[in-house]
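Please read all numbers here as calculations on a predicted model, not as lab measurements.
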Amino acid sequence: MTPAQPRRLWLIFASITTLFWGVWGAFIEVPEKAGFPATLGYTVWALTTVPCSLAALTFAGWRIATSRRQVIYGLAGGLLGAGGQVMLFQALRWGPAYLVFPIISLYPVLTVVLAYWLIHERARRRAWWGVMLAFPAMAMLSWQPPSSSTAGTLKLWLPLTFAVFIAWAIQAYIMKVSTGMMNEESVYFYMMASALILIPVAVWMTDFSRPVNWGWRGPWLAAGIQILNAIGSLALVYALRYGKAIIVVPMTSLAPMITVALSLLLYRVMPQPATVVGIVLAAVAIYLMSE
């Protein structure tokens, strides 16, 4: 493989992640609004990672890393990611979404610091400008206008939100480190296993006192949407294998730019001024980082 080829590969996989996560974000609320709870949506997502993992392992000749260190890193990364998602459900129940999402969206800041400090990743000045622009873009793209229905009632939402922030930041760092000690397919395999382990927690958090839509607009539609998330996560592992975490993680975190654009086209939802600024900053950031 030539030196130029890995550069193209990380960009291709990072672009796939950004695109798939952006489309996923535009449709993720459809099953929930149809009566299929987000907690059960997590369960469906965890199940969609299984075929993705099997396909990746088939491509890799069923080579799964099994040393103690590899298993620990693999499960640690997976549990931090899936555990962060489960904690997010509770944070949104207790706290205002317009504050929860912007805080969590900035988790790549910590990932960049960890990658720069611990594994000494570096980038050219142009890419650094893109990384710096990505941070305010993330916050603006995730911002939602306050409403009376989203006012927080419990003070625990803030530490729980920061717990998700830290979990996802460390997960991204661990995923990058893991790609240096095992094949990408093994990294994703342990992510899949971790997601399945936490299914009982998500089911336990589900409010079954309310009607659940078990029809086509429920779990089946959720599966078609969540497979985009699963494929995007798999592509992220490959992007981190060939690229630098200080570039890949901020870039893929700008997927809401695509979500907002799709929402505007499909639902005629006019974005807030802050969101428009976020889209512009995100576009410039991606251009600078993809050089």
* Asked: Between Pro96 and Trp157, is any pair of side-chain heavy atoms under 4.5 Å apart?
  -> yes

* **same_hphob_cluster(Val201, Val50) at 4.5 Å side-chain heavy-atom cutoff** => yes

* Asked: Going by heavy atoms in the side chains, are Val212 and Leu40 under 4.5 Å from each other?
  -> yes

* **Interatomic spacing from OG1 in Thr18 to CG in Leu254 - rounded to 0.5 Å** => 7.0 Å

* Treat each ILVMFWY residue as a node, draw an edge where side-chain heavy atoms are under 4.5 Å apart, and state whether Leu156 and Val86 are in one component. => yes

* Could you pull out the closest heavy-atom pair between Gly22 and Leu262, with the gap in Å? => O-CD1, 4.3 Å

* **Non-neighbouring partners of Arg210 that pass salt bridge (charged side-chain N to carboxylate O under 4.0 Å, His left out), sequence neighbours left out** => Asp207

* To do: Indicate, with yes or no, if Phe20 and Val30 share a hydrophobic cluster defined by side-chain heavy-atom contacts under 4.5 Å among Ile, Leu, Val, Met, Phe, Trp and Tyr.
  => yes

* Gap between atom CD1 of Ile286 and atom CG of Leu11 - 0.5 Å precision -> 10.0 Å

* To do: Could you pull out the closest heavy-atom pair between Trp21 and Thr259, with the gap in Å?
  => O-OG1, 4.0 Å

* To do: Report the distance from atom OG of Ser178 to atom CG of Leu75, rounding to the nearest 0.5 Å.
  => 10.0 Å

* Asked: Which distance, rounded to the nearest 0.5 Å, do you find between the CD1 of Ile166 and the CG of Leu110?
  -> 7.0 Å

* Any residue meeting salt bridge (charged side-chain N to carboxylate O under 4.0 Å, His left out) with Glu29, in chain and number order, not counting sequence neighbours -> Lys33

* Exercise: identify the closest heavy-atom pair between Leu160 and Met87 -> CD2-O, 3.6 Å

* **Distance in Å, Leu196 CG paired with Ser53 OG, rounded so as to fall on 0.5 Å steps** => 9.0 Å

Donor-acceptor contacts, no H, no angles, side chain residues 216-226, under 3.5 Å, sequence neighbours left out:
residue: Gln226; atom: OE1; partner: Trp24; partner atom: NE1; Å: 3.1
residue: Gln226; atom: NE2; partner: Gly41; partner atom: O; Å: 3.4

* In terms of hydrophobic clustering (I, L, V, M, F, W, Y; side-chain heavy atoms under 4.5 Å; direct or indirect links), are Val113 and Val177 co-clustered? -> no

* **Heavy-atom side-chain contact between Gln272 and Met140 under 4.5 Å** => no

* Residues in side-chain contact (heavy atoms from CB on, under 4.5 Å) contact with Val276, at least two apart in sequence or another chain -> Pro271

* Is there a path of hydrophobic side-chain contacts, each under 4.5 Å between heavy atoms of I, L, V, M, F, W or Y residues, that connects Ile28 with Leu265? -> no

* To do: Would you please name every residue forming a side chain to side chain donor-acceptor pair (under 3.5 Å) with Thr17, sequence neighbours left out?
  => none

* May I ask you to test the Pro108-Met138 pair for a side-chain heavy-atom distance under 4.5 Å? => yes

* **Ile72 CD1 to Ile174 CD1 distance, which is reported to the nearest 0.5 Å** => 11.0 Å

* pair Gln171-Met191: side-chain heavy atoms closer than 4.5 Å -> yes

* Return each pair, listed once, that meets ring-ring contact (aromatic ring centres under 6.0 Å, His included) where at least one residue sits in residues 111-146; pairs must be two or more places apart or across chains. => Tyr116-Trp128

* Structure fact -> What one should report as the nearest heavy-atom pair of Ala172 and Val249 is CB-CG2, 3.9 Å

* Asked: Please walk me through it: do Met205 and Arg93 pass side chain to side chain contact (heavy atoms under 4.5 Å, CB included)?
  -> CA-CA 11 Å; Met205 294 176 67; Arg93 287 177 178 176; 4.2 Å; yes

* To do: Compare all side-chain heavy atoms of Tyr242 with those of Glu184 and state whether any distance is below 4.5 angstrom.
  => yes

* Asked: Ile170 and Thr111: side chain to side chain contact (heavy atoms under 4.5 Å, CB included), yes or no, with the steps?
  -> CA-CA 6 Å; Ile170 297 177; Thr111 302; over 6 Å; no

* **Residues that Thr39 engages under side chain to side chain donor-acceptor pair (under 3.5 Å), provided they are two or more places apart** => Thr206

* To do: Quick one: closest heavy-atom pair of Leu141 and Ala282, and the distance?
  => CD1-CB, 4.0 Å

* Test Phe165 against Ser105 for side chain to side chain contact (heavy atoms under 4.5 Å, CB included), laying out the working first. => CA-CA 8 Å; Phe165 171 94; Ser105 70; over 6 Å; no

* Asked: Which residue pairs pass the side-chain hydrogen bond (donor to acceptor under 3.5 Å, both in side chains) test when at least one of the two sits in residues 68-79, sequence neighbours left out?
  -> Ser67-Gln70

* To do: Could you pull out all residues at least two apart from Trp45 that satisfy ring pair (Phe, Tyr, Trp, His ring centres under 6.0 Å)?
  => Tyr42

* Not counting sequence neighbours, which residues clear side chain to side chain donor-acceptor pair (under 3.5 Å) with Thr43? List them please. => none

Cut-off 3.5 Å, no hydrogens considered: what does the side-chain donor-acceptor table look like for residues 232-240, sequence neighbours left out?
residue: Ser233; atom: OG; partner: Asn229; partner atom: O; Å: 2.9
residue: Tyr238; atom: OH; partner: Glu185; partner atom: OE2; Å: 2.6

Distance-only donor-acceptor hits, side chain of residues 56-66, under 3.5 Å, sequence neighbours excluded:
residue: Thr58; atom: OG1; partner: Leu54; partner atom: O; Å: 2.8
residue: Arg63; atom: NE; partner: Ala60; partner atom: O; Å: 3.1

* To do: Please check if the side chain of Asn213 supplies one atom and the backbone of Phe36 the other of a donor-acceptor pair under 3.5 Å.
  => no

* To do: State, to 0.1 Å, how close Pro250 and Ala245 come at their nearest heavy-atom pair, and which atoms those are.
  => CD-O, 3.5 Å

* Asked: Would you call Ile197 and Met192 a side-chain contact if the rule is heavy atoms closer than 4.5 Å?
  -> no

* To do: Mark yes or no for whether Glu121, through its side chain, and Ala115, through its backbone, hold a donor-acceptor pair below 3.5 Å.
  => no

* To do: For the residue pair Tyr190 and Leu79, establish whether any side-chain heavy-atom pair is separated by less than 4.5 Å.
  => no

* **Stepwise side chain to side chain contact (heavy atoms under 4.5 Å, CB included) check, Arg126 with Tyr287** => CA-CA 10 Å; Arg126 173 172 172 163; Tyr287 170 74; 2.8 Å; yes

